[in-house]
Amino acid sequence: ALEGSADRLGRLAQGAEEDARGIVRVSASQPVACVLLPPLLARMREGLPQVTVELVVSNAVSNLLRREADIALRMVRPRQASLVTRRIAQVNIGACAHRDYLRRNGTPRSPQDLGAHLLVGGAQGEDVREHAQALGIAPQALRFGLCSDDLMAQWAAVRAGLGIGFVSEYLMRTDPKVRPLLPALKLPRFPIWLTVHREIRTSPRIRAVYDFLADAVPEALSPASSPAPPP
């Protein structure tokens, strides 16, 4: 109880600040923090030079109530009544492979063709096996070039030509040598929730970062933001 009271006093004091300068702690998953956010934060720096972002990189849900972060970008909606949550965007997942892999192994034309290819998946490939079974593909028939519980390791494996992976579309757009595959394949879509504690949303610097991310993240995830493909 004492710890909770101390945290609440700290949030109230932070919310009472009148100057839009200082540190703002932003929590995000590894791919969002490593790929999506850096160019956005560089742009934000031009408009908010007095604000320093401390990026908490974690696939776990940071606890805003304990001030582990001021703002969080999450794929699941927090349920605490004291948090202000806004759904700002959606992350689409797609199949893809490096062009060198496709040159060596051919391009799948239907989901059933995946059984003839090397795949990149999560730990022990369980995530891919579950989706394959729903598509009528025998899970035991799948072969993997690499399995990892690290999302950035999976992306690195795709870029190295180890197999067909299943990653977010914003990741695919960062490497023109990676080709999207099977556009008709139905894969999960994940919402992005922008979350802040209601007691500190009135802090000028936190409010400024919150408002910027609310506009910039959906724009960055939009297909219109994709660079033109190489000739």
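All values derive from a computational prediction rather than experimental measurement.
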List the steps, then state whether side chain to side chain contact (heavy atoms under 4.5 Å, CB included) holds for Val196 with Ile206.
-> CA-CA 9 Å; Val196 66; Ile206 294 177; 3.8 Å; yes
Leu118 and Leu162: side chain to side chain contact (heavy atoms under 4.5 Å, CB included), yes or no, with the steps?
-> CA-CA 7 Å; Leu118 290 175; Leu162 280 169; over 6 Å; no
Of the non-hydrogen atoms in Arg74 and Leu83, which two are nearest, and what is the gap between them?
-> NH1-CD1, 4.1 Å
Would you check if Thr52 and Arg45 make a side-chain contact, meaning some heavy-atom pair closer than 4.5 Å?
-> yes
Is there side-chain contact between Leu36 and Leu73, with heavy atoms separated by less than 4.5 Å?
-> no
Can you check side chain to side chain contact (heavy atoms under 4.5 Å, CB included) on Ile93 and Val91, steps first, answer last?
-> CA-CA 7 Å; Ile93 306 298; Val91 173; 4.2 Å; yes
Shortest non-hydrogen contact from Leu151 toward Gln30 = N-OE1, 4.1 Å
Which pair of non-hydrogen atoms, one from Arg173 and one from Ala220, has the smallest distance, and what is that distance?
-> NH2-O, 3.0 Å
Taking the side chain as C-beta and beyond, is there a heavy-atom pair between Pro39 and Leu41 under 4.5 Å?
-> no
Rounded to the nearest 0.5 Å, the OG1 atom of Thr85 sits from the NE2 atom of His197 at a distance of 10.5 Å
Has the side chain of Arg179 got a donor or acceptor atom that lies under 3.5 Å from a matching backbone atom of Pro176?
-> yes
Could you state the interatomic distance from CG (Leu40) to CG (Asp215), rounded to the nearest 0.5 Å?
-> 11.0 Å
Taking only Lys NZ, Arg NE, NH1 and NH2, and the carboxylate oxygens of Asp or Glu, determine whether Arg207 and Asp211 approach each other closer than 4.0 Å.
-> yes
Which of Ile71, Leu37, Val26, Leu48 passes side chain to side chain contact (heavy atoms under 4.5 Å, CB included) with Val53? It is Val26
Would a 4.5 Å heavy-atom cut-off, applied to side chains only, mark Val24 and Tyr210 as touching?
-> no
Polar side-chain atom of Gln90 near backbone of Arg189 as donor-acceptor pair, under 3.5 Å = no
Under a 4.5 Å side-chain heavy-atom rule over Ile, Leu, Val, Met, Phe, Trp and Tyr, are Trp193 and Val217 clustered together?
-> no
Any idea which heavy atoms bring Ala214 and Arg86 closest together, and the distance?
-> CB-NH1, 3.5 Å
CG on Leu194 to CD1 on Ile88, rounded to 0.5 Å | 4.5 Å
Within-4.5 Å side-chain heavy-atom neighbours: Val120 and Trp155 | no
Does a side-chain heavy-atom distance below 4.5 Å link Val32 with Val57?
-> no
Report the distance from atom CG of Asp175 to atom CZ of Arg99, rounding to the nearest 0.5 Å.
-> 8.5 Å
Which heavy atom of Gly161 sits nearest a heavy atom of Tyr101, and at what distance?
-> O-CD1, 3.6 Å
For the pair Arg129 and Phe144, evaluate side chain to side chain contact (heavy atoms under 4.5 Å, CB included) and give the outcome as yes or no after the intermediate values.
-> CA-CA 11 Å; Arg129 294 182 200 277; Phe144 288 86; 3.5 Å; yes
Counterpart residues, side-chain contact (heavy atoms from CB on, under 4.5 Å), relative to Pro180 (two or more places apart) = Met172
Do Leu102 and Pro108 come close enough that some side-chain heavy atom pair is under 4.5 Å?
-> yes
Least distance between heavy atoms, Ala216 atom then Arg43 atom | CB-NH2, 3.5 Å
So how far is it from Asp113 CG to Thr107 OG1, rounded to the nearest 0.5 Å?
-> 10.0 Å
Using 4.0 Å as the upper bound for N to carboxylate O, is an ion pair formed by Asp70 and Arg25?
-> no
Is the backbone of Ala116 close enough, under 3.5 Å, to the side chain of Arg143 for a donor and an acceptor to pair up by distance?
-> yes
Close side-chain approach of Asn92 to Ser168, heavy-atom, < 4.5 Å = no
Using the rule that two of Ile, Leu, Val, Met, Phe, Trp, Tyr join whenever any of their side-chain heavy atoms come within less than 4.5 Å, decide whether Met44 and Tyr170 are in one cluster.
-> yes
Quick one: pull up CG in Leu171 and CE in Met152 and give me the separation to the nearest 0.5 Å.
-> 6.0 Å
